[in-house]
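Predicted model, so just to flag it, every value in this text is computed and none were measured. Every number for a ligand or one of its atoms is a count from 1 in the order of the listing. Numbers for residues simply follow the sequence, beginning at 1.
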Amino acid sequence: MTSALFSPIKLADLQLANRIAVSPMCQYSANDGVADDWHMTHLGMLANSGASFLVVEATHVERHGRITHGCLGLYSDACEAALQRVVNHCHRIGKAKLAIQLAHAGRKASAQRPWEGGKALSEAEDPWPTIGPSALPFGPGWHAPRVATEADMARVRTAFADAAKRALRIGFDAVELHFAHGYLLHSWLSPLANKRNDEWGGSLASRLRFPLDVVRAVRAVVPRGVPLGARITGSDWANGGLTPDDAVTLGKALKDVGLDYIDVSSGGATAEIRTPTSPGYNAPIAERLRRETGIVVRTVGMITTAKQAEAIVTEGKADMVALARAFLDNPHWGWHAAQALSADVARPVQYQRSAPKLWPGAALRG
Ligand SMILES: Cc1cc2nc3c(=O)[nH]c(=O)nc-3n(C[C@H](O)[C@H](O)[C@H](O)COP(=O)(O)O)c2cc1C
């Protein structure tokens, strides 16, 4: 049996050994955006997880665009230098290709780390002003964002492009834009958060204008051979919110402005929304995106077993899968998936004797 999950795939000019990605996961462990030894450990471990594509956590393009005081950034030379160490380390010791998820938290910025409560920062916690498409808070008790002006939009657009330049300079293999989970670009698209009545709000076409401007600015600095993707929302799971139809429109628009792939996630537009928790809950929307846009599609959300991931790819629901919590639980998830599907996966030479093929009769030396 040949595994579809473990078959290679190309994103732009980047060759990936299999279709498994580690989903981006905030670690809330940076200092003014600067990565520390935790990132070396965490990402170093996941660079050898069996996933061919390791997407680094939401990395914010400006200081006020961070979710929390601990969020990673790429807006200063100090951020760049620290992340360069991490990238070099992962490339030297690991097998995965590295993508960076560039983000701006918008109205969800200035928040506590999850283990501190995950709510808006109080006056005593050094909060900062936030921006959004409209002056609507994310939920009760959240900061009311300032309505983004055209000057804010120009600054943010440039910040995305500058962060992408920094990312390429320090050796990232791919760039992914965060268009989901209620952060700035998603909030701009969602009618639940964007109530503007100027040319940047109203119809979906108008709500798309600013996010697409950002993509164009980033594409202009990311060479065509380097994959540029986006994580989008497949559904707001709320009346009056974005629907899978809107996701298809977005997917086509993103393809037209030169994106190489889309990752389908969902939820997070407002504090009240409850996202489904059933196995592979985004896969049906991903399948539609894939069929109707023709772009390479990855999906995420409650994918936990090798069999389930294999089925998603075999059945054409997505070209790739991303897993988050399963990799935290088992950083060798990809090795075990390969074993379950009788496939091969790269392991570091130091750990090669853990490969099941080497078990029978293998001499236990050393
Ligand atoms: C600790 C943690 C941090 C996360 N941080 C991010 C992030 O930085 N960017 C993002 O797009 N999603 C983030 N997510 C969402 C995951 O990438 C993923 O979409 C979600 O957990 C569903 O996938 P799963 O069921 O495989 O965990 C995070 C999830 C977890 C558990």
Side-chain angles (χ1 to χ4, degrees), residues 5 19-30 33 35 38-39 41-43 45-46 49-51 53-61 65-68 70-74 83 86 98-106 108-109 111-116 118 163 167 174-187 189 229-235 237 261-269 273-283 285-286 297-306 308-309 312 317-318 320-331 333-334 337:
L5 186 65
R19 282 127 188 281
I20 306 167
V22 178
S23 202
M25 280 181 278
C26 290
Q27 297 298 294
Y28 314 101
S29 301
W38 177 256
H39 296 93
T41 307
H42 165 72
L43 294 166
M45 171 180 81
L46 292 171
S49 63
F53 203 53
L54 169 54
V55 188
V56 171
E57 70 189 78
T59 302
H60 299 94
V61 300
R66 290 173 305 156
I67 311 166
T68 74
C71 281
L72 210 53
L74 196 41
L83 210 45
V86 177
L98 286 188
I100 186 166
Q101 186 186 49
L102 294 181
H104 189 298
K108 289 178 80 173
Q112 299 161 333
R113 294 171 176 89
W115 54 83
E116 293 165 343
V175 176
E176 183 166 311
L177 303 172
H178 203 338
F179 263 70
H181 304 170
Y183 301 113
L184 185 68
L185 298 176
H186 174 197
S187 69
L189 290 166
R231 163 165 280 192
I232 69 162
T233 198
S235 172
W237 306 116
Y261 72 92
I262 282 173
D263 176 87
V264 180
S265 185
S266 62
I273 288 170
R274 293 288 157 262
T275 303
T277 52
S278 51
Y281 57 88
N282 290 313
I285 306 174
V297 168
R298 191 178 83 206
T299 192
V300 68
M302 288 295 284
I303 301 167
T304 53
T305 69
Q308 182 195 6
I312 287 173
K317 295 197 167 106
M320 291 183 73
V321 294
L323 291 76
R325 290 163 293 180
F327 271 111
L328 294 186
D329 184 46
N330 173 9
W333 189 94

Problem - Test log, rule ring-ring contact (aromatic ring centres under 6.0 Å, His included), inputs H186 and F179 - result: CA-CA 5 Å; H186 174 197; F179 263 70; 9.2 Å; no
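- The single protein non-hydrogen atom nearest to atom 12 (N) of ligand 1 is R231 NH1, 3.1 Å, given as residue, atom name and distance.
- Near M302, meaning under 4.0 Å from one of its heavy atoms, ligand 1 places the atoms 24 (P), 25 (O).
- For ligand 1, the atoms lying closer than 4.0 Å to a non-hydrogen atom of L323 are 26 (O).
- The shortest contact between atom 1 (C) of ligand 1 and any protein heavy atom is with C26 O, 3.9 Å.
- The shortest contact between atom 21 (O) of ligand 1 and any protein heavy atom is with A324 CB, 3.5 Å.
- At under 3.5 Å, not a single nitrogen or oxygen of Y281, backbone or side chain, sits near a nitrogen or oxygen of ligand 1.
- Residue-level proximity to ligand 1 for Q101 is carried by the side chain, the only part with a heavy atom below 4.0 angstrom.
- M25 and A324 get closest at one heavy-atom pair: CE-O, 3.4 Å.
- Considering only non-hydrogen atoms, atom 17 (O) of ligand 1 lies nearest to S23 out of C71, S23, P279, G268.
- For the residue pair S265 and H181, a side-chain donor N or O sits within less than 3.5 Å of a side-chain acceptor on the partner.
- Per-residue contacts place G301 under 4.0 angstrom from the following atoms of ligand 1 (heavy atoms of the residue considered): 22 (C), 23 (O), 25 (O).
- Classification of the W38-H42 ring pair by plane angle, with boundaries at 30° and 60°, yields parallel.
- Counting protein heavy atoms only, atom 13 (C) of ligand 1 is closest to P24 O, 3.0 Å.
- Considering both main-chain and side-chain atoms, A58 comes within under 3.5 Å of ligand 1 through a nitrogen or oxygen pair.
- Here's the thing with V300: none of its N/O atoms is less than 3.5 angstrom from an N/O atom of ligand 1.
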